[in-house]
Every structure is written in structure tokens, then in C-alpha cells.
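When a residue number appears, it is its place in the shown sequence, counting from 1.
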Amino acid sequence: MRHTAPAQWRGVEKVMAAGHSTRDVRGLLRHLGGLAQEALRRSGDRTDMRSSLLRLQPRSWGDLTTAVRTAAGAGPGAFPLVLESFNSREGLQSTEFCSPTGLASLAAKLVLTPGRQATVLDTYMRGGEMLAAAQEHMGDACGPLYGETLDGRLQAVASFRLLHLGVQPVLTSSRSDKWPPDRTHRVADVVLSNPPFNMSDAAGPGLRTRGAWPYGQPPRGNDNFAWLQYDLDALKPGGRAVVIMPVKAGNSVHSAEQEIRRNLARTAVECVITLPSHLFSGTPVPVSLWVLRRTERPEREEILFVDAQGLGVKAGRRRVLRDADTDAIVALVRPWLEGKELPAQESGPALPAIAVARADVADEESSLRPADHLGGGKYGAAPEAARLNEVGAEAVRQRDVLLSLEQRAAEQGSGYRPSAGPVGWKEARLADLCEIQAGPSYTRLPARARSEDGEVPLVFPQDLSGGKITGEPRIRIPRDKAEPFAKFRLLPDDIVCVRTGAQQQPALVSGEQSGWLLSSNVTRLRVRQDAAIDPLYLHAYLGLQYAREWMSHRAAATAAPSLSSAALGHLPVRLPPIEQQRRCVELLGDLGRRVEECAAYASSLGQLRTELSEYLLHGLVEPL
């Protein structure tokens with residue numbers, strides 16, 4: 001509403017300015033719901049927004065107006081974040097949950113080329129993530145976007161997401177037959193789809209007879225191979241589909257599915273990529289991307305199999321594909337799809353990959369699971385000898401580093417002793433010790449000014465973990481646009497705290513992060529030159545449970561907790577003489593390094609055990 005109907009939005013502002021108490025809540029919800037409903041219907045969406053908003057029960061008039069103004073200023077990037085958070089908290093089922101952003105982006109980048117217009121269809125559009133990824137990858141060159149769903153509620157969600165991107169897609173939820181003989185959309189250059197896994201509304205033995213099944217009739221109890229054929233049928237000749245499939249679909253033992261795989265392998269399948277498990281919030285099921293082409297004569301007589309199970313990073317209960325992960329997969333697979341040879345993997349994570357002749361794939365079992373082909377073309381092939389030496393050497397190196405630290409600790413003793421109490425200590429307000437600088441306001445640095453292509457990283461709360469700024473933030477701004485924000489730059493030994501959102505351990509800025517910028521949601525602390533406090537001591541102090549609870553309790557309890565600079569400045573800080581501060585920091589730093597090395601050694605031992613089992617159980621090595 002805020003961006004698409006500014007005149008009506010001014011009316012909303014007037015209603016908010018005139019309201020005062022809880023009695024005015026329903027009037028504002030009714031007014032806003034009616035206007036939003038009209039705006040959506042002009043875009044073809046029939047969602048009953050008025051009824052939806054009137055079901056809300058805000059605690060106060062202030063909470064409601066804060067939430068409305070926050071939503072109005074959040075920009076297009078907010079809706080996917082809200083939807084992903086809802087998805088993660090609710091743990092939705094396979095028929096409902098959203099496609100992870102990184103997975104949708106990977107699917108789009110594999111088969112869509114910026115600047116080359118293409119009509120894109122999602123046959124099971126969930127929350128619209130696949131179509132949104134296509135639009136974001138293609139930009140203004142993107143052709144028409146079509147989406148189908150069997151659930152009108154999901155049509156509304158997908159419509160919201162795409163309208164936020166400035167796109168008016170053609171979405172339908174009127175399909176009464178899951179496999180209609182006469183399709184609404186059969187014009188697509190590209191199909192991107194994440195159909196429900198291992199599910200069916202027609203349980204029982206036997207094969208499906210209703211629908212078009214050129215590659216073989218799928219079993220009634222599982223729709224996996226029905227969806228694959230439905231997607232292929234939607235393509236123009238020569239068009240490509242990227243379909244998310246459960247890994248077990250690649251080598252299931254059902255005879256009908258084996259026959260379908262055999263027929264697909266002869267012409268349609270171009271590439272299969274195994275991805276990590278736990279990409280979805282509602283299920284740990286590992287998935288694969290199947291890249292297929294509608295053709296009677298394949299351009300290549302080989303199928304590419306890629307194992308990308310080792311990619312991604314843990315984020316709560318899920319794993320998340322980073323830009324570097326998707327870039328590595330695209331750099332390997334795109335040249336293959338364009339008719340080139342497999343490129344050398346010069347940078348990024350190594351990806352096991354192999355091209356296997358179609359005739360060899362279409363054998364008795366017709367497996368399309370990469371693990372059954374990697375390592376010489378047959379499941380169970382022996383690993384390469386060099387890998388065990390590499391992993392074993394790394395475990396020895398980590399052990400030696402840890403032993404060195406432990407020997408030094410044993411020689412120095414515990415490093416601490418009982419004291420008579422904090423004699424000679426002082427207490428000061430944080431504002432007297434630091435310059436406190438909140439990040440720039442959202443109006444100065446809105447979402448449209450940010451991208452993933454800029455040179456200067458922006459630090460957000462999600463980039464803070466374990467007292468550090470982890471990795472390199474995805475969101476950036478161009479260097480020329482960063483100049484007006486010089487006062488928000490970070491320097492070594494600055495401390496970054498959460499300003500808006502749940503409080504967590506503040507992060508210490510390292511030398512390589514110098515010049516990065518604060519986002520609107522964080523606050524920077526910079527120790528004053530005349531303050532008798534070591535920055536590392538202050539960082540350790542702010543990580544205490546006492547300090548973190550103090551900050552959490554003083555964050556304003558509105559729609560999103562917010563800790564102002566003025567409130568933060570009142571935090572009491574207890575500090576000993578500067579030399580004792582530095583000895584405290586040195587002791588804690590030594591323990592921190594030992595913790596990190598213990599974790600690294602444990603990880604290397606786990607990797608060695610995994611690798612060694614492959615060699616032991618293939619007979620390449622034997623126990624002493």
C-alpha cells in the first residue's frame with residue numbers, strides 16, 4: 001500500500017494521527033484492510049484483507065501504529081524475511097512450506113540468462129519463491145511469469161511476494177484436476193518447480209491412468225514422477241525444467257519408477273545435483289535438483305552428476321546455501337548445459353562431478369542418484385588414495401597445535417587465584433567510556449540502495465555470532481554511495497551491538513573488517529582515547545550474562561525490540577586498573593584459543609574417521 005497507492009496511504013497516516021487509544025484499533029484495522037483489499041484486487045488478487053486484519057489483537061494503539069509504520073518503511077526485502085521466519089517457526093508440511101531462497105536462486109541461475117527474455121512457469125508455486133528468484137535474476141529482461149497452485153491461500157502468498165517486486169504475474173488456483181488433459185499454461189521456456197515430496201492424494205496399488213505420461217505411468221501412491229512429466233509437458237520444444245526432487249527418487253526400487261527413469265535418462269535428463277539435507281525447515285529430507293530438457297534428440301550423450309552435499313552453513317535447525325555455494329555449482333554446471341566440457345574448479349568449494357553415458361545410466365536400475373555414479377561410475381567404487389593422506393595430515397597438524405597450547409597452559413598453571421574482591425575497581429557509565437553511534441536511519445539507507453554487487457559490506461544483526469562478525473556480509477552498497485556514510489564506518493577494536501531485534505553477544509571488529517559500514521539495525525561502540533579501559537576488556541564485559549540481560553530488559557518492547565543509544569549509554573561498567581584489565585583479557589584469550597583448537601581438532605578427527613571408514617571397508621587399508 002505504502003508504495004503502490006501513496007494517495008490512499010496519506011489517508012492511513014491521518015487515521016493514525018487522529019487515534020489515541022485501544023478503542024481506535026479496530027477502526028484503523030478496518031480502514032487499512034479495506035484499502036489494501038482494493039489495491040490487491042486491482043492486481044488480480046482476491047485475498048480478504050479486511051477480515052484478516054480484523055482478526056488481529058494488538059496489545060495497544062502504540063503497538064499497532066508502530067507495526068504499521070515499520071511495515072510501510074521496510075521495503076521489498078521485508079516480505080521474504082517475514083515469510084521465511086513464519087515458515088521456520090511453524091515447520092510447515094511438504095505440501096505447504098516455502099522453497100529456501102538460496103535453492104530458488106540456484107535453480108534460476110542454472111537455466112536463465114540475464115538479458116535473454118524467457119517465459120517462466122512454476123507448476124507448484126508455494127510462496128512464489130521460484131518466480132521471485134527468476135525476476136530478481138533476470139531483472140527488466142524477465143518475460144511473463146506464470147504460476148499454478150491447487151491452494152488459493154498459497155496463491156495469495158505468492159501474489160504478495162511478487163507484487164512487492166513490482167511484478168504482476170499470472171497466477172491461477174482454479175485447477176480442479178491435478179493432471180488436467182487441457183492445460184492453462186503450455187508456453188513456458190523454463191519451468192522452475194518445487195513439487196511436494198513423496199506425496200499423493202491417490203493412495204493404493206496400481207498405476208495412474210489419468211494424465212499424459214509419455215515416459216511411463218507413475219504409481220498411484222507417489223506423485224514424484226507425475227510432477228516431473230507434468231513439468232516437461234509444460235515446456236516448449238527445447239525448453240528446460242529445474243525440479244527439486246527427494247534424493248531417494250533417484251534410485252527408488254519401484255519398477256514403474258525405474259522404467260520412467262530409464263526413459264528420462266535416454267533423452268530428457270541433463271544433470272542431477274545432490275544438495276545438503278536440512279535445507280527445509282519442516283523436513284530433514286535431502287534433495288536433488290534435476291535439470292531436464294524437452295527434446296527427442298539430446299544434444300549430449302552423457303548426463304552430468306554433481307555431489308554438493310558438503311555445501312551450505314548451519315543456521316538454527318537448517319542449512320543455508322550461501323552465494324559462494326550457488327556460484328560454485330553454477331560455474332560447474334552452466335558450461336555443461338551450454339555444450340562445453342566440464343571446467344576446472346579453480347576456486348571455491350570442490351564439487352565431486354562425473355559425466356556418465358546415457359546408455360550406462362539407462363541400465364537395469366536406471367539410477368539418477370549422483371552417489372551411485374561418482375567414483376568410477378558404479379556405486380561402491382573405492383576412493384582415491386590421496387584423500388586419506390590429506391585428511392590424516394590435517395588431523396596430525398591440528399593435534400600438534402593443540403598439544404602446544406596445552407603444554408604451555410600446563411607450564412603456566414591455571415592463570416588465576418582467589419582475590420580479596422574488586423579492590424581499586426571503578427564503575428562508569430558506558431557513555432562516559434565510549435562514543436556510541438547508531439547505524440544510519442532506514443530513510444537514509446533504504447533497501448533499494450543495497451545489493452549483493454557492491455564493494456562495501458553492511459553489517460546486520462544476523463552477521464554477529466559468537467562475539468565476532470562472521471564471514472563477509474551478503475548485503476553491500478557501491479563504494480561511491482558509501483562516501484556520505486563515513487561516520488558509520490568500522491575500525492579495528494570497535495564493538496558492534498544489536499540495536500533493533502533480539503539482543504545477542506556484541507561483536508569485536510577485526511582489522512580486515514575495517515571500513516565496513518553499520519546497517520540501520522546495529523550500534524557501534526568506540527572507546528574514547530582518554531578512557532581508562534581496554535577495548536578487548538569492554539568487549540568481554542559486554543558478553544557477560546549480566547550485561548546482555550541489562551540490554552535486553554531496556555530494549556523498548558514494541559513490535560521489534562529496540563535499544564536506543566541513550567538507554568545503552570546508561571549501562572554500568574565495572575573495571576579494574578588497566579594492567580589488570582589486560583591480564584584478564586590475555587587469560588580469557590588463551591582459553592578462547594584453546595576452545596577453538598579443541599573444536600578444530602575434534603572436527604578433523606571426525607573427518608578422518610569418516611574418510612578412514614571408506615578405505616577400511618573397501619580393503620585399501622587394514623588395521624595394524
Side-chain angles (χ1 to χ4, degrees), residues 395-436 459 463-471 490-498 503-514 522-552 568 571-605:
V396 170
R397 189 189 72 79
Q398 292 286 1
R399 180 200 64 192
D400 291 345
V401 171
L402 181 60
L403 286 175
S404 175
L405 286 175
E406 291 303 303
Q407 183 177 355
R408 176 185 168 192
E411 292 170 354
Q412 294 179 343
S414 66
Y416 57 91
R417 65 189 178 199
S419 77
V423 179
W425 286 45
K426 297 180 180 179
E427 184 172 298
R429 294 188 320 144
L430 187 64
D432 297 328
L433 301 171
C434 298
E435 299 170 5
I436 303 176
V459 178
D463 300 315
L464 314 184
S465 179
K468 300 177 182 178
I469 301 175
T470 57
L490 296 175
L491 295 177
D493 292 340
D494 283 348
I495 299 168
V496 179
C497 305
V498 173
Q503 287 296 319
Q504 55 185 294
Q505 185 176 357
L508 187 70
V509 178
S510 68
E512 60 194 28
Q513 295 159 349
S514 181
V522 295
T523 299
R524 183 193 68 208
L525 307 179
R526 182 172 292 165
V527 171
R528 301 180 188 277
Q529 290 186 352
D530 58 351
I533 187 168
D534 187 289
L536 274 66
Y537 178 88
L538 178 61
H539 175 249
Y541 187 88
L542 294 175
L544 293 175
Q545 181 178 352
Y546 149 76
R548 292 165 65 182
E549 288 181 354
W550 189 99
M551 290 187 280
S552 294
L568 182 59
L571 172 66
V573 179
R574 303 181 185 94
L575 57 155
I578 190 71
E579 288 304 320
Q580 186 171 342
Q581 292 179 38
R582 289 169 180 160
R583 291 199 303 274
C584 290
V585 167
E586 183 179 0
L587 175 59
L588 294 174
D590 285 342
L591 285 170
R593 282 187 289 276
R594 289 164 65 189
V595 169
E596 290 176 358
E597 292 302 332
C598 282
Y601 181 44
S603 176
S604 67
L605 284 180

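With contacts defined as side-chain heavy-atom distances shorter than 4.5 Å, the pair Gln581/Ile578 qualifies. In this structure, Gln505 and Leu464 have side chains that are not in contact, with every pair of non-hydrogen atoms separated by 4.5 Å or more. Counting heavy atoms from C-beta outward, Trp425 and Leu575 have side chains that stay 4.5 Å or more apart. Looking at Val509 and Asp493, their side chains never come closer than 4.5 Å, going by heavy atoms from C-beta outward.
Rounding to the nearest 0.5 Å places CD1 of Ile533 at 5.0 Å from CG of Leu433. Rounding to the nearest 0.5 Å gives a distance of 8.0 Å between CZ of Arg548 and CD of Gln504. The CZ atom of Arg524 sits 7.0 Å away from atom CG of Leu490, with the distance rounded to the nearest 0.5 Å. With rounding to the nearest 0.5 Å, the separation of CD1 in Ile436 from CG in Leu571 is 8.5 Å. Between atom CG of residue Asp432 and atom CD of residue Glu427 there is a gap of 11.0 Å, rounded to the nearest 0.5 Å. Taking CG from Leu538 and CZ from Arg526, the interatomic distance works out to 13.5 Å, rounded to the nearest 0.5 Å.
Environment of CD in Gln407: sparse, with no more than 12 heavy atoms of neighbouring residues, nucleotides or ligands closer than 6.0 Å. In the displayed structure, Gln545 atom CD is contacted under 6.0 Å by at most 12 heavy atoms of other residues, nucleotides or ligands.
With sequence neighbours left out, Gln398 forms a side chain to side chain donor-acceptor pair (under 3.5 Å) with Glu394.
Between Pro572 and Tyr541, the shortest heavy-atom distance links the atoms O-OH, 3.3 Å. The two residues Gly424 and Pro577 have their closest heavy-atom pair at O-CD, 4.0 Å. The two residues Leu587 and Gly415 come nearest to each other via the heavy atoms CD2-O, 3.6 Å. Here the closest non-hydrogen pair linking Ile495 and Pro535 is CD1-O, 3.8 Å.
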Test side chain to side chain contact (heavy atoms under 4.5 Å, CB included) applied to Val496 and Leu525, step by step: CA-CA 6 Å; Val496 179; Leu525 307 179; over 6 Å; no
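In summary, Asp400 and Arg397 do not engage in a salt bridge, as defined by a charged side-chain N under 4.0 Å from a carboxylate O.
Applying the side chain to side chain donor-acceptor pair (under 3.5 Å) test to residues at least two apart or on different chains, the pairs with a partner in residues 585-600 are Glu406-Arg594, Lys468-Glu596, Asp590-Arg593.
Between the side chains of Gln513 and Ser510, at least one donor-acceptor pair of N or O atoms lies under 3.5 Å.
Proximity of a side-chain donor or acceptor of Ser604 to a complementary backbone N or O of Tyr601 within less than 3.5 Å is detected. Between the side chain of His539 and the backbone N or O of Pro506, at least one donor-acceptor pair lies under 3.5 Å.
Taking the ring axis of Tyr416 as reference, the NZ or CZ atom of Arg583 does not stay both within 45° of it and closer than 6.0 Å to the ring centre.
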